[in-house]
Amino acid sequence: MKYRPRNDYVILRLSNIDKTAAGVVIPKANTEGRVWTVVAIGPKVDDLKPGDVVNPMGEVGQDIAMLPRERDLYLTKEANILMVTELDDE
């Protein structure tokens with residue numbers, strides 16, 4: 001399925017999440033090791049582009065919405081993105 005966010009919304013992919021063999025996500029209190037990557041941006045998003053690694057603020061279910069039928073895609077507003085992580089080329 002293809003998603004196109006509207007206005008200032010951003011679709012993020014969460015990587016390195018723990019899942020059971022059946023695909024059930026196991027929530028962790030510690031978010032260390034998790035990577036949020038921008039997948040798509042709405043037309044009013046100014047400072048992000050697909051592929052950016054970001055640190056969002058908020059809780060899933062409140063500020064960050066899980067997309068239907070997708071276990072690793074989430075939707076949030078651009079204002080909830082605290083920073084973009086720039087990886088060193090070492």
Side-chain angles (χ1 to χ4, degrees):
M1 187 172 288
K2 190 172 184 176
Y3 297 101
R4 184 175 45 100
R6 297 183 61 214
N7 298 322
D8 63 340
Y9 282 90
V10 178
I11 295 178
L12 303 173
R13 180 177 310 279
L14 179 58
S15 304
N16 298 334
I17 56 178
D18 293 332
K19 296 181 186 179
T20 66
V24 176
V25 175
I26 302 171
K28 292 168 99 178
N30 183 0
T31 59
E32 185 176 331
R34 293 182 179 196
V35 177
W36 295 90
T37 306
V38 175
V39 175
I41 60 172
K44 293 185 179 179
V45 174
D46 298 324
D47 296 333
L48 298 172
K49 63 184 181 305
D52 282 348
V53 176
V54 297
N55 291 47
M57 168 186 71
E59 296 291 325
V60 173
Q62 293 178 2
D63 303 308
I64 302 171
M66 188 175 204
L67 293 180
R69 293 184 227 143
E70 301 290 343
R71 295 179 191 249
D72 61 345
L73 291 180
Y74 296 83
L75 181 72
T76 193
K77 285 185 151 283
E78 180 184 23
N80 291 337
I81 306 296
L82 297 177
M83 68 178 163
V84 175
T85 304
E86 298 196 9
L87 303 174
D88 294 331
D89 293 332
E90 294 179 22

message: Restricting to side chain to side chain donor-acceptor pair (under 3.5 Å), what partner residues turn up for Asn55, sequence neighbours left out?
response: Thr85

task: Mind checking the CG-CG spacing from Leu73 to Leu14? Nearest 0.5 Å is all I need.
output: 9.5 Å

Kindly list each side-chain donor-acceptor pair under 3.5 angstrom involving residues 38-52, sequence neighbours excluded, with atom names and distances?
{"residue": "Lys49", "atom": "NZ", "partner": "Asp52", "partner atom": "OD1", "Å": "2.9"}
{"residue": "Asp52", "atom": "OD2", "partner": "Lys49", "partner atom": "N", "Å": "3.0"}

field: Arg13 CZ to Thr37 OG1 distance, which is reported to the nearest 0.5 Å
entry: 8.0 Å

task: Kindly work out whether a path of hydrophobic side-chain contacts (I/L/V/M/F/W/Y, heavy atoms less than 4.5 Å apart) joins Val84 to Tyr74.
output: yes

message: Looking at every non-hydrogen atom in both residues, tell me the closest pair between Asp63 and Gly58 and how far apart they are.
response: OD2-CA, 3.2 Å

task: Look up atom CG in Leu67 and atom CG in Leu12, then write down how far apart they are to the nearest 0.5 Å.
output: 9.5 Å

message: Let me confirm one number: the CD-CG distance from Glu78 to Asn7, rounded to the nearest 0.5 Å.
response: 11.5 Å

query: From Thr76 OG1 over to Trp36 CH2, what is the distance, rounded to the nearest 0.5 angstrom?
result: 8.5 Å

- prompt: With hydrophobic residues grouped by side-chain heavy-atom distances under 4.5 Å, do Leu75 and Tyr3 end up in a single group?
  reply: yes

